**Student:** 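Just dropping this structure here.
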Amino acid sequence: MQVSQAVGNVPGVRAALVAMATELNVGLLSGMGFDAPAEARPTDLLVAVHADDDGSLGQALAAVEAALAQRVAASQTGFGDAPSPRTVGAAVLRHDATLAFVSTPGQYAFADAMDALNHGVSVIVFSDNVPLHQEIRLKQAARERDLLVMGPDCGTAVVGGVGFGFANVVRPGPVGLVAASGTGAQQVMSLVSTAGVGISHCLGVGGRDLSGAVGALSTLAALDMLAADDATEVITVVSKPPAPEVAETVRTHAAGLGKPVLFALLGEGQPDLTAAARGVVEAAGGTWPQPRTWRPSTPPTPRPGYIRGSFAGGSLCDEAMIIASAALGPIHSNIPLRPDWVVDDDLRGTGHVMIDFGDDTLTQGRPHPMIDGSLRVERLLADAADPECAVVLLDVVLGHGAHPDPAAELAPAIARARAGGNGSGPAVVVGLVGTDDDPQGLDRQATALAEAGASVHLSNAAAAREAVRLAGGTP
């Protein structure tokens, strides 16, 4: 995905796809105006570039060659080395691994993850679009082997200070997380670390783990592991809205662990992620600082109208909808809080609308919006052109794996949105998730977004309440 994005940024390139020849990716070629190769197999690499002229095409292909050569060079250790392992199990045996990371397309992830479990190691399944019945089988197999399956769709994990997937740079410390939420965990970890309290581990378990179907199989195992870990003194469980009966099972199990366990389970009437982070900091003996805010030079004034939210993080979208709906009523979405608040397939809706652009159905065959913000830029400008839109609400998530400079992509669009057709565009509010040590530079990102006209908050909950206020509501 990152190679595709880099090639797509070459001047004169209209579209680029560098991906494995899965059925989905082959199907994407027709939308780019190419004929699909008849003999393509899922193990083949597709390279498709639509460029304005031969010069741009040549530069694009050179960028592909350079990127692929860099990856080959990084994997080589010298003349005469044995060929690379062709299975996860072979890699485990060769390198005496203790943890496997699977990021193959969802329809193939089960075999690789099961191979890891069969060779005695826990596994992080970064892959999304893994069938539910396969997730359940993997987690049952892990329980039988006293191992842990993190995921599927485990976007964030930190094990012994090493980040996997999308991970912020956090200080080491006594707080362990069990997270059925990727960006929710990033928000909590970033706020806790910024408060001066560090993280021992973050064990991501996948957003479906606390559903009725999965029954917290990985959450219960992860709690036991953190309870047995000497480096972990305080545990917190972070989750998208869970099934109530499963949440109760987790609470009952946690009560017998012998370590303090706090909960950040999103839902109506529950503490938001910032309040949960404060509780964690204080339980660990730290002092809570008020999360920082950056204001534009010309602050917008409240006006009646609708909030239109575009999110990269599903949990951040959930949190914003919970806060906004309590003050404003129904929030329509592709991941609605209530079934009758769902938007149509075109993602348009009337009234207040918030869209999770990181949902599995929107990331098939394209980079996650934390890597590529182009869809959200288009949506931002479309929402800003709607005279009924009073506020555009966005999240921006920093850290390893995310876009190297998201402000460079979003700030020009924010400035255009704020200007509007007659200089009276909607307010723009950003929830910025990150730490001072993240590679993108937290203060630099926040300053650029504020200079473009956005109100920037390190607390996603605070950003949602600001959006409610600016839309004429009472947060």
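In this text, all values refer to a predicted model and were calculated from it rather than measured experimentally.
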**Student:** D395 vs R376, test: side-chain contact (heavy atoms from CB on, under 4.5 Å). Steps then yes/no.
**Tutor:** CA-CA 10 Å; D395 64 347; R376 293 208 298 159; 2.7 Å; yes

**Student:** For the OH atom on Y306, are there more than 12 heavy atoms of other groups (residues, nucleotides or ligands in this structure) within a distance under 6.0 Å?
**Tutor:** no

**Student:** Quick check for you: to the nearest 0.5 Å, what is the distance between E135 atom CD and R137 atom CZ?
**Tutor:** 13.5 Å

**Student:** Say whether, by atom type as modelled, one donor and one acceptor occur between the side chain of H332 and the main chain of V343 under 3.5 angstrom.
**Tutor:** no

**Student:** I'd like to know if the side chain of T447 reaches the main chain of D443, judged simply by a donor and an acceptor atom lying under 3.5 Å from each other, with no hydrogens or angles considered.
**Tutor:** yes

**Student:** Hey, which of N460, V238, T183 is the one that makes side-chain contact (heavy atoms from CB on, under 4.5 Å) with L273?
**Tutor:** V238

**Student:** First locate atom CD1 of I124, then atom CG of L99, and finally report the distance between them rounded to the nearest 0.5 Å.
**Tutor:** 4.5 Å

**Student:** Kindly compute the distance separating CG (L257) from OG1 (T232), expressed to the nearest 0.5 Å.
**Tutor:** 11.5 Å

**Student:** Does atom CG (D340) have a neighbourhood of more than 12 heavy atoms from anything else shown, all under 6.0 Å?
**Tutor:** yes

**Student:** Looking at every heavy atom in both A390 and A471, which two are closest together, and how far apart are they?
**Tutor:** CB-CA, 4.4 Å

**Student:** So K240 and D209, salt bridge (Lys or Arg N to Asp or Glu O under 4.0 Å) or not? Walk me through it.
**Tutor:** CA-CA 10 Å; K240 298 177 180 180; D209 196 69; over 6 Å; no

**Student:** Establish, from distance only, whether the side-chain atoms of D437 and T435 form a donor-acceptor pair under 3.5 Å.
**Tutor:**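 Absent: no donor and acceptor within the cut-off.
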
**Student:** Looking only at heavy atoms, what is the nearest atom pair of F311 and A320, with distance?
**Tutor:** CZ-CB, 3.5 Å

**Student:** Tell me the closest heavy-atom pair linking P426 and V391, and the distance in Å.
**Tutor:**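 Looking at all heavy atoms of both residues, the closest pair is CB-N, 4.0 Å.
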
**Student:** Would R251 and F263 count as a cation-pi pair here, with the cationic atom under 6.0 angstrom from the ring centre and within 45° of the axis?
**Tutor:**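 Yes, R251 sits over the ring of F263.
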
**Student:** Step by step, would you call R348 with D344 a salt bridge (Lys or Arg N to Asp or Glu O under 4.0 Å)?
**Tutor:** CA-CA 6 Å; R348 296 294 170 183; D344 293 333; over 6 Å; no

**Student:** Is any side-chain heavy atom of V169 less than 4.5 Å from a side-chain heavy atom of D436?
**Tutor:**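 Side-chain contact under 4.5 Å: no.
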
**Student:** Should the heavy atoms of other residues, nucleotides or ligands under 6.0 Å from CG of D346 be counted, would the total exceed 12?
**Tutor:**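 Yes, the 6.0 Å shell around CG holds more than 12 heavy atoms from other groups.
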
**Student:** Looking at every heavy atom in both V121 and A97, which two are closest together, and how far apart are they?
**Tutor:**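 Heavy-atom minimum between the residues: CG1-O, 3.2 Å.
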
**Student:** Roughly how far apart are L147 CG and L138 CG, rounded to 0.5 Å?
**Tutor:**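 One finds 11.5 Å between CG of L147 and CG of L138.
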
**Student:** What's the shortest heavy-atom distance between A222 and V205, and which atoms?
**Tutor:** CB-CG1, 4.4 Å

**Student:** How close do G204 and A157 get, heavy atom to heavy atom, and via which atoms?
**Tutor:**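 Result for this residue pair: N-CB, 4.3 Å.
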
**Student:** Measure the CD-OG distance between Q186 and S315 for me, rounded to the nearest 0.5 Å.
**Tutor:**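 Here the rounded value is 10.0 Å.
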
